[in-house]
Each structure stands twice: as structure tokens, then as C-alpha cells.
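These numbers come from the heavy atoms of this one structure, side chains and all, not from hydrogens, waters or symmetry mates. Chain naming here is simple, since letters A, B, ... match the order of the sequence lines and numbering starts at 1 in each.
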2 protein chains.
Amino acid sequence: MFQKIKAYYKKLVPAITDNELTALEECLTVREIGKGGFLIRQGQVCSHVTFMNEGLLRIFYTVNGKDVAIGFVGENEYISEYESFLTRKPATQNIDVLVDAVLIDLGYNDMQRLYKTYPSIQEFGRKIAEQLFIMLNQRNTSLLILSPEERYRYMIEMNATLLQQVPQYMLASFIGVTPEHLSRIRKKMMTS
Amino acid sequence: MFQKIKAYYKKLVPAITDNELTALEECLTVREIGKGGFLIRQGQVCSHVTFMNEGLLRIFYTVNGKDVAIGFVGENEYISEYESFLTRKPATQNIDVLVDAVLIDLGYNDMQRLYKTYPSIQEFGRKIAEQLFIMLNQRNTSLLILSPEERYRYMIEMNATLLQQVPQYMLASFIGVTPEHLSRIRKKMMTS
DNA sequence: TGTAGTCATTGATAAATATCAAGAAATATA
DNA sequence: TATATTTCTTGATATTTATCAATGACTACA
């Protein structure tokens, strides 16, 4: 059950010891959520970081009754409403399940304790934060310097397989346009 | 000279020891850059993280010959083209000086060595990455769910003093509109 | 002090994108 | 399979924002 997540830690911090991995494993819990379910809703404090054993998730804002996607997360990736997790304040983002998910949770208090006790896990925490920073930075860049059409091309190019399972109106909100407009962008891309 | 930066470390990691602070101090170098100068240009690999002892900096993209600001950084803050610093790849962003700056640099190799040797500095590295993540996340949120006018209000509210020294056309690019349009937004805000 | 350059404002027009409404296509479900 | 529901597409129109051009205000500095 914990093979994938342990491999993930090992890949990011090769120096991690079996002892440290065991300490980690003792803190992990497994959860399953079906399509349409939520990991977290805005307003709740996010109490876990979660590793995706299988499934597909969306992380999104709800603004004036409309959803704005900010990411899609598939197998073998970490997910959390990380700002809420770090600050212990209510989440501004939601996470829901697009494809039935099997999740592995690590709670806040356990994580802080592991950080204190095990240097390699502290190092893992640093590297995860750095990775998330890089991802957000790239997302930010694309919002600032690309047109919606370019963002669409780029997104598809990066994640073709993952995104085949995501409805088009969610992709539209991710690139920052209405579903109608994305439909027109696609039409235009066909002809040219 | 190193009072401010040491206080900064101490605030983020209260458990840091004098020994660790001394090890840090031995790696620091001071640099001064006048208005109009650059800390880094896109294409270069960013080799330092930099603490602002005094001055005001802008971090920005250049796209089709136009500048797009992504942030302004004043005294007592950390700044870096952090993605380039972490990945050792060419920077996509520029950093230039708006108000004469006195900077304290910490190089990449020194930093990795400090991480390995001193747990509190590793912890500092994690917390800095987490802070940067949170900042970017908030910036991202504002780009996705606020109108340009709302972004302008929000930006001013957050940073009134700092931004008084920034020309309006740079603020326009930061909130994602043309200088002409920002001028109209301001006009509209006056009357209402 | 004057002059060149930069910056901010304003107006007219064009382009990009949203909204609203309807229908077509795809998907789920009884 | 038939029907209901959701998603995607298309058209007409409205709104937002950019572009281009001109002018006025401010700043630096020779």
C-alpha cells in the first residue's frame, strides 16, 4: 500500500533511511473518495497533505457561484490546500474528485514532529515546498505572458493524458476563459 | 551590517543558535547596486539568494519588448529568481533596481552546504520556500478571481508606502493592464 | 532657466472576450 | 433502448480592454 509514497520520498531525498521511512509510514492513513466527493471545501482548515495513490482530483476556487480551476492532480503526486495547511487558516480553495481516488494522508501534527526528529523528512518538506513554488511560478508565468490560446496549447502539450478525463468547461476555467470561448479557440485551432 | 538579516533568520527560526548564525554570516557578501542597475537578467543562471538591506527592487518578465512586473521588493525582504536558483537553469525573470539598493548575498553552494550541516538553516530554507509559495498563491488568486480594478485596490491597500515609489506604468503591468487602462480605472475610482 | 525626455491622461477606434439564448452532441440512467 | 441530463457548439450582442495618436504634466539636468 505504501510502496508508491515511499518511492516518492526516496526519489526526492535519496539519503533518507529505512528508519525514517518507517517513522513516516507509522503516521500514514488511507482514505478512499468516490467521484464527486470532496477532500476539502473552502472555509475548512486543511489538516493533511495527501498523496495520490490513484484517481484524479481538481483544485479550484468558487467565485460568485462559478468554479475556477487552478489545477488537476493525478497519480503519484502530492496534493493539499497547502496555504491553509501551513497557516492553519480556513482554506480558500476546494479539492474534489473527478476520478475515484485512493489517498494517503499525513496529518499536520505528525508532520511537524517528523520535521523536528528526522533531518531527511525536514529536507523532504523543503523540497516539496520548493517544487510547489516552481509549479505555481510556471502557472503564474503562463497567466501573465501567454494568450488563452497559447495557454491551452501549452496545457494540452504538458498533460495530454491526464486532461483527457477532464471536462472541457473545467479546462476553460483553468486557462481563464468561458466554455464558449474555449470552444471557439478550439474551432479556430482546427482550421489553421 | 548583518544585524537585519540575522534578526530575520532568528524571527523565522527562533531555535537557531549563535553558532549557526555565525556559520551563516561567514558565507554572506555585501553588494551595492544603483537605480537602473540589474541584479539578474533573463538567460543568466541565478547564483544567489539576496537579502535587501535597503532599497527597492522590481522583478519582471520581458515579453515582446514589454516589461511585465510580477513583484516589488523593499527593505528586510528576501529576493531571488528562485526558480532559476533552485533548478540551476537560466532565469526567465529579470530583477532591477528602482531605488538604490544595499544587498546581502548568499551563494548556491554555500547554501546547500549550510542546509546539510545545520538543521536550523535547513528549517529556514523550508520556511522561506513555504512563504514564497504562500505569496505566489495569493498573487495567483488575485489574478484569477479579481478584476483589474479590484487588484489595483487590493495592491494599494497591502503596500501603500512601498508602492508610492513605483511609477504607475509599472503598477499597470503588475495588475495586468495597459498604462492607459489603469489611468482610466483610477479616474473612475476618483468619481465614485 | 530652458529643453529633452519620461510619464500620465484623454479621445477615438479596434480587438478580445463575456453574456445570453438556442440547439446539437454526448453521456448517464431508468 | 428510450429518456433525461449534462456538456459542447454556434450565433447575436454587449462589455471589457488594447491600440494608436495627441496633448499635457512632470523631471532631470546641461
Side-chain angles (χ1 to χ4, degrees), chain A residues 34-38 56 58 60-69 72 96-100 142-156 160 162-192, chain B residues 34-38 56 58 60-69 72 96-100 142-156 160 162-192:
Chain A
K35 180 176 178 178
F38 278 73
L56 177 60
R58 168 180 64 149
F60 65 103
Y61 297 99
T62 300
V63 190
N64 306 129
K66 285 178 193 164
D67 294 347
V68 180
F72 304 94
D96 70 355
V97 177
L98 304 185
V99 173
D100 293 354
S142 89
L143 284 172
L144 283 168
I145 74 181
L146 301 181
S147 67
E149 178 174 338
E150 289 168 327
R151 279 202 292 282
Y152 180 71
R153 286 179 192 279
Y154 182 75
M155 175 186 73
I156 295 298
L162 184 71
L163 298 181
Q164 270 162 11
Q165 302 172 85
V166 178
Q168 197 170 299
Y169 72 91
M170 289 186 186
L171 298 181
S173 85
F174 181 76
I175 64 171
V177 297
T178 57
E180 294 94 327
H181 194 62
L182 177 56
S183 176
R184 291 182 176 110
I185 288 173
R186 283 160 51 86
K187 189 179 177 186
K188 192 174 138 237
M189 283 170 59
M190 291 304 209
T191 65
S192 63
Chain B
K35 179 177 176 177
F38 279 74
L56 176 60
R58 168 181 62 148
F60 65 105
Y61 297 99
T62 300
V63 190
N64 306 130
K66 285 179 192 165
D67 294 347
V68 180
F72 304 94
D96 71 355
V97 177
L98 304 184
V99 174
D100 294 353
S142 89
L143 284 172
L144 283 169
I145 74 181
L146 301 181
S147 68
E149 177 173 339
E150 289 168 328
R151 280 202 291 282
Y152 180 71
R153 286 179 192 279
Y154 181 74
M155 174 184 73
I156 295 298
L162 183 71
L163 297 181
Q164 269 161 11
Q165 302 171 85
V166 178
Q168 198 170 300
Y169 73 91
M170 289 186 186
L171 298 182
S173 85
F174 181 77
I175 63 170
V177 298
T178 58
E180 294 95 328
H181 193 63
L182 177 55
S183 176
R184 292 185 175 109
I185 287 172
R186 283 160 51 85
K187 188 178 178 186
K188 190 173 139 240
M189 282 169 61
M190 290 304 210
T191 64
S192 63

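For the pair B/Ile175 CD1 and D/dT16 P, the computed distance is 15 Å after rounding to whole Å. Taking atom CD1 on B/Ile185 and atom P on C/dA8, their separation rounds to 14 Å, with Å as the unit. Between the C1' atom of D/dC8 and the CZ atom of A/Arg186 lies a distance of 9 Å, rounded to the nearest Å. What separates CZ of B/Arg184 from P of D/dT15 is a distance of 18 Å, to the nearest Å. Between the C1' atom of D/dT15 and the NE2 atom of B/His181 lies a distance of 11 Å, rounded to the nearest Å. Note: OH (A/Tyr169) to P (D/dT9) measures 14 Å, nearest angstrom. The NZ atom of A/Lys187 sits 13 Å away from the P atom of C/dA25 (whole-angstrom rounding). With rounding to whole Å, B/Asp67 atom CG is found 14 Å from C/dT6 atom P.
Using a cutoff of 4.0 Å between basic side-chain nitrogens and carboxylate oxygens, B/Asp67 and B/Arg58 are scored as salt-bridged.
Listed pair B/Lys66 / D/dT19 meets the phosphate criterion, a side-chain N or O lying under 4.0 Å from OP1 or OP2. The phosphate of C/dA26 has neither OP1 nor OP2 within less than 4.0 Å of any side-chain N or O from A/Gln168.
Position along DNA chain C of the nearest nucleotide to A/Glu180 versus B/Leu182 favours B/Leu182 as the more 5'-ward residue.
Listed nucleotides C/dT10, D/dT10, D/dT17 differ in distance to A/Ser183; the shortest reach to its side chain belongs to D/dT10. Comparing atom distances between the A/Thr178 side chain and each of D/dA18, C/dT17, C/dT19 picks out C/dT19 as nearest.
Checked against the 6.0 Å centroid threshold, A/Phe72 and A/Phe174 count as a close aromatic pair.
Across A/Lys188, A/Arg184, A/His181, a single residue satisfies side chain to side chain donor-acceptor pair (under 3.5 Å) together with A/Glu149, and that is A/Lys188.
Judged by distance alone, with hydrogens and angles left aside, the side-chain atoms of A/Thr62 form no donor-acceptor pair with the main-chain N or O of A/Gly65 at under 3.5 Å.
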